[in-house]
Amino acid sequence: MKKIALFAFAGIVLLLAGCAPAAQSSETFAMDTVISQTVYARDNSILIQNYDTIRALEDSMSKTLEGSDVFRLNHAGGQDVVFSSAQTAQALTGCLELARQTGGAFNPALGGVVDAWGFGTENASVPEQSQLERLLAEAEYTQVRIDGDAVNAGKAQIDLGGAAKGYALDALKITMDEAGVENALVAVGGSVYARGGKPDGSWKVGVRDPLGSTADFLAILELADSCVSTSGSYERGFTEGGVYYHHIIDPQTGYPVQNGLISVSVVDESGLKTDVYSTALFVMGLEQGLEFANSNSIDALFITEDKKIYMTDGFQYEFELINKDYQIEG
Ligand code: AMP
Ligand code: MG
């Protein structure tokens with residue numbers, strides 16, 4: 001009798017072990033960047049569901065994919081366009097709100113200017129000044145109107161490249177809520193979602209060394225139930241006449257931002273906010289960015305080209321500096 005009970009007990013333990021979530025991992029490519037996932041789940045189907053979520057957003061928010069919502073808007077010649085995805089409208093609405101809040105430092109209507117530079121294409125080069133001036137005059141996010149499901153961008157060219165990866169993290173939250181996943185770490189390029197706290201504590205997220213290679217970390221950040229996005233001048237750019245031109249544009253000049261910053265990271269529950277704010281604070285520069293972040297309770301980390309690290313008052317996360325060439329200020 002005792003033996004039978006023991007066997008039955010062992011059976012239950014085995015059954016439970018078979019069902020226990022285990023780490024499922026994958027590395028794939030979408031949104032022009034690497035998607036790396038570690039998800040605690042019973043099988044790996046969630047990896048595909050998450051990937052599909054990201055691909056669907058790319059299909060509606062891509063600037064270059066013919067037929068996407070953003071492509072149709074940018075080719076509508078000032079006419080109304082009906083979006084096929086409610087998520088594109090939601091992301092664009094969020095971007096416009098944050099554009100207003102950041103005084104246009106984040107400008108989702110800079111598509112024409114960004115295209116003129118050709119970052120990441122074979123035609124990357126410094127545009128003519130007259131072309132930049134004409135495109136800047138059209139980069140008016142205040143002209144964009146969203147009325148129900150009809151959107152009108154006037155002459156502006158919409159570019160959600162500075163926000164889509166972060167928005168994707170918010171969509172992954174919904175996908176993983178529905179799948180009952182509790183713990184996951186998903187990186188969509190420089191935007192990372194730490195869901196739960198790993199079964200045994202916090203997730204450790206590497207902050208890239210902006211002056212190193214893709215594998216070099218500057219620091220390790222411990223996060224639980226948060227997103228972090230990093231905007232860096234290293235992400236995308238080209239060299240012409242010995243000068244490096246990167247992809248984060250000063251909406252005042254149409255030129256890549258040159259203010260001594262090389263990366264900005266932002267932590268928040270909202271992926272969209274982390275992505276938008278990291279770009280916006282980069283544009284604002286160290287002094288104005290720190291002030292804006294502190295007064296709006298944004299948790300941010302700024303890194304300068306002279307290897308100094310600055311944190312906002314609220315940036316109280318476990319932070320381990322790996323590369324001791326950098327110095328924490330303040
Ligand atoms: P991120 O890597 O999130 O900082 O986003 C940079 C991308 O956003 C660029 O590759 C452009 O597509 C776009 N972008 C560049 N400058 C700005 C800006 N000032 N506001 C909004 N989007 C921008
Ligand atoms: Mg961004």
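Here, residue 1 is the first one in the sequence, and each next residue gets the next number. As the structure lists them, so they are numbered: ligands from 1, and atoms in each ligand from 1. Worth knowing before you read on, the calculation uses all heavy atoms, side chains too, and leaves out hydrogens, waters and symmetry mates.
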Checklist entry - Got a salt bridge between Glu58 and Arg55, using NZ or NE/NH1/NH2 to carboxylate O under 4.0 Å? => result yes

Checklist entry - What pairs meet the salt bridge (Lys or Arg N to Asp or Glu O under 4.0 Å) rule with one or both residues in residues 193-208, with sequence neighbours excluded? => result Asp177-Arg195, Lys204-Glu222

Item to check | Nearest non-hydrogen partners of Thr33 and Val188, listed with the distance | outcome: CG2-C, 4.0 Å

Item to check | Backbone N/O of Phe83 and side chain of Asp69: donor-acceptor pair under 3.5 Å | outcome: no

Next on the checklist: Quick check on the hydrophobic clustering: are Ile158 and Leu110 connected, directly or via other members, by side-chain heavy-atom contacts under 4.5 Å?
Outcome noted: no

Item to check | Same apolar cluster: Leu221 and Ile309, side chain cutoff 4.5 Å | outcome: yes

Next on the checklist: Can a side-chain donor-acceptor contact be found between Asn123 and Thr121 if the only test is distance below 3.5 angstrom?
Outcome noted: no

Checklist entry - So Tyr255 and Trp117, would you call those rings parallel, tilted or perpendicular, with 30° and 60° as cut-offs? => result perpendicular

Item to check | the Mg ion (ligand 2): protein N, O or S atoms that are less than 2.8 Å away, sorted by chain | outcome: Gly162 O, Asp275 O, Asp275 OD1, Thr279 OG1

Checklist outcome for this item: Residues passing the side chain to side chain donor-acceptor pair (under 3.5 Å) test with Glu140, sequence neighbours excluded, are Thr142

Next on the checklist: At less than 4.0 angstrom from any atom of ligand 1, which residues have a non-hydrogen atom? List them by chain and residue number.
Outcome noted: Ala105, Phe106, Asn107, Leu110, Val114, Asp159, Gly161, Gly162, Ser231, His247, Ile248, Ile249, Pro251, Asp275, Thr279, Val283

